[in-house]
Amino acid sequence: MNADEVNRAVSLIIKIWEKGTTILLIEHNMRAAMNLCQRIIVLELGRKIAEGAPVEVRANKDVIRAYLGTGKHAA
């Protein structure tokens, strides 16, 4: 999805949530997930490596390692 499509989807999901519907979102777009979710569960190879509020998950060392790398090979 392009940025405009993501923004429209996020707006729609927020409208549904505001009406009281619980939503289970499986999403790889981190900007969307961080803005939408109150609680996030992160999986790596089918195993849960983190769970918590977006700010907690974003700072989790296992999430950083799994999804951003360690930086050992960075230029």
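Closest heavy-atom contact between C37 and P54: O-CG, 3.1 Å. I64 and A59 make their closest contact through CD1-O, 3.9 Å (heavy atoms, listed as atom of the first residue, atom of the second, distance). Across E51 and I41, no two heavy atoms sit closer than the pair CG-CG1, 3.7 Å.
More than 12 heavy-atom neighbours from other residues, nucleotides or ligands sit within 6.0 angstrom of CZ on R65.
Under a hydrophobic clustering in which Ile, Leu, Val, Met, Phe, Trp and Tyr are joined whenever their side-chain heavy atoms come within less than 4.5 Å, directly or via other members, I40 and V63 fall into the same cluster. Tracing side-chain contacts under 4.5 Å through hydrophobic residues (I, L, V, M, F, W, Y), one reaches M30 starting from Y67; they form part of the same cluster.
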Ignoring hydrogens and angles, write down the donor-acceptor pairs under 3.5 Å from the side chains of residues 2-11, residues two or more places apart or on other chains.
{"unit_1": "N2", "atom_1": "OD1", "unit_2": "D4", "atom_2": "N", "d": "3.0"}
{"unit_1": "N2", "atom_1": "OD1", "unit_2": "E5", "atom_2": "N", "d": "2.8"}
{"unit_1": "E5", "atom_1": "OE1", "unit_2": "N2", "atom_2": "N", "d": "2.8"}
{"unit_1": "N7", "atom_1": "ND2", "unit_2": "A3", "atom_2": "O", "d": "3.3"}
{"unit_1": "S11", "atom_1": "OG", "unit_2": "N7", "atom_2": "O", "d": "3.1"}

Side chains of residues 14-26: which donor-acceptor partners sit under 3.5 Å, not counting sequence neighbours?
none

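Once rounded to the nearest 0.5 Å, the distance linking CD1 of I13 with CG of N35 reads 11.5 Å.
Using a 4.5 Å heavy-atom threshold, the side chains of R39 and V57 count as separate.
Contacts of E27 classified as side-chain hydrogen bond (donor to acceptor under 3.5 Å, both in side chains), with partners at least two apart in sequence or in another chain: none.
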